[in-house]
Amino acid sequence: MDISLLEKQAFWPHLTPSEQQRIRDHVLSSHFSAGEAIKLGGNNCIGPLFVVHGILRVYLLSADGREATIYRLRQGDACMLSASCMLSAITFDVQIDAETDCDLLIIPTALFADLMSHNLYVENYVYRNSSERLSDLIQAVERMFFLTLRQRIAAFLIDESATNGTDRLTLTQEQLARAIGSAREAVSRSLKQLAQSGSIEVSRGGIRILNKSLLYAELEQA
C-alpha cells in the first residue's frame with residue numbers, strides 16, 4: 001500500500017519508528033464511488049481521512065432533509081471531522097459524501113486517538129486542521145444567515161470558479177441547491193434573474209460565468 005501521502009503530513013517526522021510502523025500496519029485503503037456516503041460498518045466516526053484521489057463533499061444535514069455544503073476536500077487534503085468522536089470540543093455531526101470516485105487512506109480512530117494522547121505533534125496537527133475547517137463551517141453558516149439567495153449563489157459560483165480554474169462549471173441546479181442549502185425551485189428562479197442581468201449563462205450542461213464583476217456586485221449590495 002502506498003502511504004506516501006501520510007508521510008507528507010506535518011506530524012509524520014515527529015512520530016517514533018514504532019508509531020510509524022503502527023500506522024503502516026493498520027491504515028486502511030478504501031475506495032468510494034461517486035455519490036456514496038463515507039461510512040464503514042455503519043460507524044460515522046471512522047477516523048481521519050486522507051484524500052489520495054477524488055473529491056469529498058462535507059456538509060450539514062437538517063432535520064427536514066436540507067443540505068448545506070461546508071467545504072470540499074481534494075487530492076492531498078485531510079479531514080479530522082470524520083473522527084469527531086475523539087475531539088471533545090466537537091459536538092455536532094457532519095455528513096461526508098464522495099462527490100467523485102475517491103480513493104482514501106483512513107487511520108482507525110482508536111489508533112489515532114492513542115497517538116494523540118502520547119504525541120503532542122499529532123495533537124497539534126489534529127486541532128490545527130479542525131480549527132481551519134471550523135472556520136469554513138462558520139463562513140457557511142454566516143452566508144446562510146446574512147446573505148440573500150442570489151448573493152449565496154454568486155459567492156458559490158465565484159468560489160467554484162476560483163477552485164476549478166474555469167468559468168464553465170459543470171453542475172446541475174439540484175447540486176447547486178444542495179450545496180447552498182436551498183430549494184431547487186428557488187435556485188432556478190435566482191439563476192434566471194442572474195442570467196437576465198448578464199452575469200451568467202445557464203445551460204443543460206451547467207453554468208458559465210460571463211461577467212464576474214457583476215457577481216461581485218451582487219455581494220456588495222446591502
Side-chain angles (χ1 to χ4, degrees), residues 32-39 44 49 51 54-75 77 79 81-82 84 92-102 132-222:
F32 293 87
S33 299
E36 189 175 355
I38 308 301
K39 295 180 181 178
N44 286 320
L49 304 177
V51 184
I55 301 175
L56 298 179
R57 184 172 74 97
V58 183
Y59 62 98
L60 297 174
L61 182 64
S62 70
D64 60 0
R66 290 188 299 162
E67 300 176 6
T69 299
I70 307 173
Y71 54 82
R72 288 179 173 80
L73 298 169
R74 292 173 168 80
Q75 183 174 335
D77 287 339
C79 180
L81 293 183
S82 55
S84 58
F92 59 89
D93 291 325
V94 298
Q95 310 295 319
I96 306 175
D97 288 352
E99 193 161 84
T100 66
D101 289 351
C102 291
E132 292 172 351
R133 296 308 179 185
L134 284 174
S135 295
D136 293 328
L137 169 61
I138 292 170
Q139 183 181 63
V141 172
E142 285 179 338
R143 285 182 175 180
M144 292 189 68
F145 276 98
F146 301 118
L147 297 185
T148 67
L149 179 56
R150 278 178 57 163
Q151 288 174 325
R152 284 156 56 195
I153 292 173
F156 177 84
L157 295 179
I158 290 169
D159 289 347
E160 285 295 292
S161 175
T163 299
N164 296 306
T166 177
D167 288 337
R168 293 180 180 272
L169 305 177
T170 304
L171 78 166
T172 66
Q173 294 184 21
E174 182 65 32
Q175 289 173 321
L176 174 55
R178 287 202 308 269
I180 64 173
S182 183
R184 188 193 64 78
E185 294 79 7
V187 167
S188 179
R189 289 194 296 270
S190 293
L191 286 175
K192 288 180 181 178
Q193 293 170 357
L194 290 171
Q196 289 170 356
S197 74
S199 57
I200 64 171
E201 178 183 69
V202 181
S203 65
R204 179 178 287 258
I207 299 169
R208 179 188 173 196
I209 298 176
L210 300 177
N211 191 325
K212 197 166 292 184
S213 296
L214 291 177
L215 290 181
Y216 279 111
E218 288 284 339
L219 300 179
E220 294 172 357
Q221 294 181 16

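For the salt bridge (Lys or Arg N to Asp or Glu O under 4.0 Å) condition, the pairs that include at least one residue of residues 168-181, sequence neighbours left out, are E67-R178.
L176 contributes atom CG, which lies 5.0 Å from atom CD1 of I207 (distance to the nearest 0.5 angstrom). Summarising the geometry, atom CD1 belonging to I158 is positioned 10.5 Å from atom CD belonging to Q151; distances are rounded to the nearest 0.5 Å. Rounding to the nearest 0.5 angstrom, the gap separating the CG atom in D167 from the CZ atom in R208 is 8.0 Å. Atoms OG1 and CZ, on T69 and R57 in that order, are 4.0 Å from each other to the nearest 0.5 Å. The distance from the CD1 atom of I96 to the CD1 atom of I70 is 9.0 Å, given to the nearest 0.5 Å. Rounded to the nearest 0.5 Å, atoms CD1 (I200) and NZ (K212) are 13.0 Å apart.
Looking at every heavy atom in both residues, A154 comes nearest to L219 through CB-CD2, 4.2 Å. Heavy-atom minimum distance, F156 versus A179: CE1-CB, 3.5 Å. Scanning all heavy atoms of the two residues, the minimum distance from L56 to C102 falls at CD2-SG, 3.6 Å.
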N/O donor-acceptor pairs under 3.5 Å from side chains in residues 180-190, not counting sequence neighbours:
from: S188; atom 1: OG; to: Q173; atom 2: OE1; distance (Å): 3.2
from: S190; atom 1: OG; to: A186; atom 2: O; distance (Å): 3.4

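Although no hydrogens or angles enter the test, the distance criterion places no donor-acceptor pair under 3.5 Å between the side chain of N164 and the main chain of S161. Judged by distance alone, with hydrogens and angles left aside, the side-chain atoms of E160 form no donor-acceptor pair with the main-chain N or O of L157 at under 3.5 Å. The main-chain N or O of G35 is never found under 3.5 Å from a side-chain atom of D97 such that the two would form a donor-acceptor pair. At distances below 3.5 Å, at least one donor-acceptor pair connects side-chain atoms of Q175 with backbone N or O atoms of T172.
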### Query
Passes side chain to side chain contact (heavy atoms under 4.5 Å, CB included), R74 versus T163? Steps please.
CA-CA 10 Å; R74 292 173 168 80; T163 299; 3.2 Å; yes
### Task
In sequence, state the C-alpha distance, the side-chain angles, and the governing distance for I209 and L215, and then conclude on side chain to side chain contact (heavy atoms under 4.5 Å, CB included).
CA-CA 9 Å; I209 298 176; L215 290 181; 3.9 Å; yes
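Between S199 and N211, the side chains place no donor N or O within less than 3.5 Å of an acceptor N or O (distance only, hydrogens not considered).
R150 is linked by a salt bridge (Lys or Arg N to Asp or Glu O under 4.0 Å) to E218, counting only residues two or more places apart in sequence or in another chain.
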